[in-house]
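Heads up, the thing below is written out as structure tokens.
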Number of protein chains: 2
Amino acid sequence: MAVDMQSAGEADLIRPVQRAAPLRQAVYESMVELVVSGRLNPGEHLVETDLARQLGVSRQPVREALHRLQAEGWVDLRPNQGAFVHEPTDNEVDQLLDARELLEMETARLAARSADAEAAARLRAICHEGEAAVKAGDTEVFITANNRFHAALAEVAGNAVLAELSAIVGRRMRWYYRLAAPLRGETSCAEHLELIDAIAAGDEKRAAKAARQHTERTRVAYHRTVQS
Amino acid sequence: MAVDMQSAGEADLIRPVQRAAPLRQAVYESMVELVVSGRLNPGEHLVETDLARQLGVSRQPVREALHRLQAEGWVDLRPNQGAFVHEPTDNEVDQLLDARELLEMETARLAARSADAEAAARLRAICHEGEAAVKAGDTEVFITANNRFHAALAEVAGNAVLAELSAIVGRRMRWYYRLAAPLRGETSCAEHLELIDAIAAGDEKRAAKAARQHTERTRVAYHRTVQS
DNA sequence: CTAGCGTATTTTGGATACAAAGGACCTATG
DNA sequence: CATAGGTCCTTTGTATCCAAAATACGCTAG
């Protein structure tokens, strides 16, 4: 199991992080990338020492990153045994989507209540960025724009707690979402625009409905993806 | 500002943690206790070195505890400046309660759908423990039982994500809840029992309504408390 | 006397070193 | 030959040490 790590053999597997000022942040992002990209397999045991060597930093930032990754559901931390890459399940996806639906519907309702022309314009701008990314075929940028959209929506709704919970669910969704994103990009933006229209009109019911449908379609897209 | 910390002068301010196996856990619990009890004032700057000395451990466990405390909303961590005790606001309480209402209603609905006699009995048992604590006047035990009740409810509902989100909100509520708890203890258990009845009957609507009313009454109790 | 700058101290961020717990492998015995 | 025990090695958990950043103070110049 434990491959022989010769001094030269591993160098290009994982690129050392750029030593910018906030090292933890860089390490954290590198590790998210490693997990999301699938270079680390679900269930795999992450050894702090190895990660530190490969990333070119000490164990300290790695540890802190691992703790944060646990809080966000990327890895599972067992006492005295270290970190294991979280194993995603279809059941978990459905639970995440249930939670997301609940949170997004309420967020949409609150946003519609605040009904602000300037806010609607801001949301539309982000939405169009996502569209552009889809046209360019850049999934990663699209997902980022998507997250920004949901974050902005939560801000408009004006409940910071709700926004944070949405963010937690959103981060966890990323794992699965990147599977379904390519199928959804085209229609997702249209659904966002419909949601924005409802919010701009101050129509709470319509906004909630749009949010629900958006989530449900994401669910269908995911299930269709994993079946293939 | 910085009091003169003579070797003997500080010893009994904060009791050193019992050096049980999981040191982090002990440090974390000690610090929650320090924040909740009010011995550390909101906005106060927590210096890692001082905490470490006073708790009788090194800075490392303290740092990890601080990160966890941040994730749970007890402290705010500013880059290169360290930890500051979170300053609670009335606005935040309302937002937390809004989120709690949303989550609890859905949890109650799902729990009612699962409708299981054995589960209802388990919930009732926890509820009665809380009642006993109220009668004994032990607020701390009551709050613990209360949290256990909500956790058990989430488990019955069968959505782990929802349960975790509820737990996050519940932990944050603790700060405020301990203010309102003394006023609520008596009626809170009765409301829980009404909720359990609705769940046992499989009546989703009634369960959701009970959950909503329970949250709303907590809100009223809190606002009444802080006004005095 | 006040405002701006430079230095010094404090405190966090990161690296290294040490101790303890867990798991794997090997051996000896029934 | 299978199993139980023990030892060794790997890996985490904790402590100490060094460097970099931020703040606060004091000094000087206007």
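Convention: sequence-line order gives letters A, B, ...; per-chain numbering from 1.
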A:Arg24 CZ to D:dA20 C1', straight-line distance once rounded to whole Å: 14 Å
Quick one: A:Arg59 CZ to C:dG13 P, roughly how many Å, whole number? 19 Å
Quick check for you: among C:dG13, C:dG22, D:dT14, whose closest atom lies nearest to any side-chain atom of B:Asn80? C:dG13
Any residue meeting ring pair (Phe, Tyr, Trp, His ring centres under 6.0 Å) with B:His45, in chain and number order, not counting sequence neighbours: B:Phe84
Can you check the B:Arg78 CZ to D:dA22 C1' distance for me, whole Å? 12 Å
Listed by chain and number, what are the salt bridge (charged side-chain N to carboxylate O under 4.0 Å, His left out) partners of B:Arg100, not counting sequence neighbours? none
May I ask you to evaluate whether A:Gln81 reaches the phosphate of D:dT11, defined as a side-chain N or O under 4.0 Å from OP1 or OP2? no
Just compare C:dG22, C:dT12, C:dT16 and give me whichever is closest to any side-chain atom of A:Ser58. C:dT16
Determine the sole option in B:Asn41, B:Leu46, B:Leu34 for which the side chain to side chain contact (heavy atoms under 4.5 Å, CB included) test with B:Val85 is passed. B:Leu46
With sequence neighbours left out, write down each residue that passes side-chain contact (heavy atoms from CB on, under 4.5 Å) with A:Val134, or none if nothing qualifies. A:Phe142, A:Glu186
In whole angstroms, the gap separating P of C:dT12 from CG of B:Leu46 amounts to 9 Å
Using a 4.0 Å cut-off on heavy atoms, which residues in residues 60-75 of chain B reach DNA chain D? List them by number, or say none. B:Gln60, B:Pro61
Would you please confirm or rule out a distance under 4.0 Å between OP1 or OP2 of D:dT23 and any side-chain N or O of B:His45? no
Output side-chain donor-acceptor pairs under 3.5 Å for residues 166-174 of chain B, partner residues at least two apart or in another chain, one line each.
| unit_1 | atom_1 | unit_2 | atom_2 | d |
| --- | --- | --- | --- | --- |
| B:Ser166 | OG | B:Leu162 | O | 3.4 |
| B:Arg171 | NE | B:Glu72 | OE2 | 3.3 |
| B:Arg172 | NH2 | A:Glu164 | OE1 | 2.8 |
| B:Arg172 | NH2 | A:Glu164 | OE2 | 2.9 |

Take the protein atom CD of B:Gln25 and the nucleotide atom P of C:dA21, then report the distance between them rounded to whole Å. 17 Å
Under 4.0 Å between a side-chain nitrogen and a carboxylate oxygen: does that hold for A:Arg122 and A:Glu118? yes
Whole angstroms only, please: what is the CG-C1' distance between B:Leu55 and D:dA15? 15 Å
Tell me what A:Leu77 touches on the nucleic acid: a base, only sugar-phosphate, or nothing, going by heavy atoms under 4.0 Å. nothing
So, using ring pair (Phe, Tyr, Trp, His ring centres under 6.0 Å) as the criterion, who are the partners of B:Phe149 when residues are at least two apart? B:His192
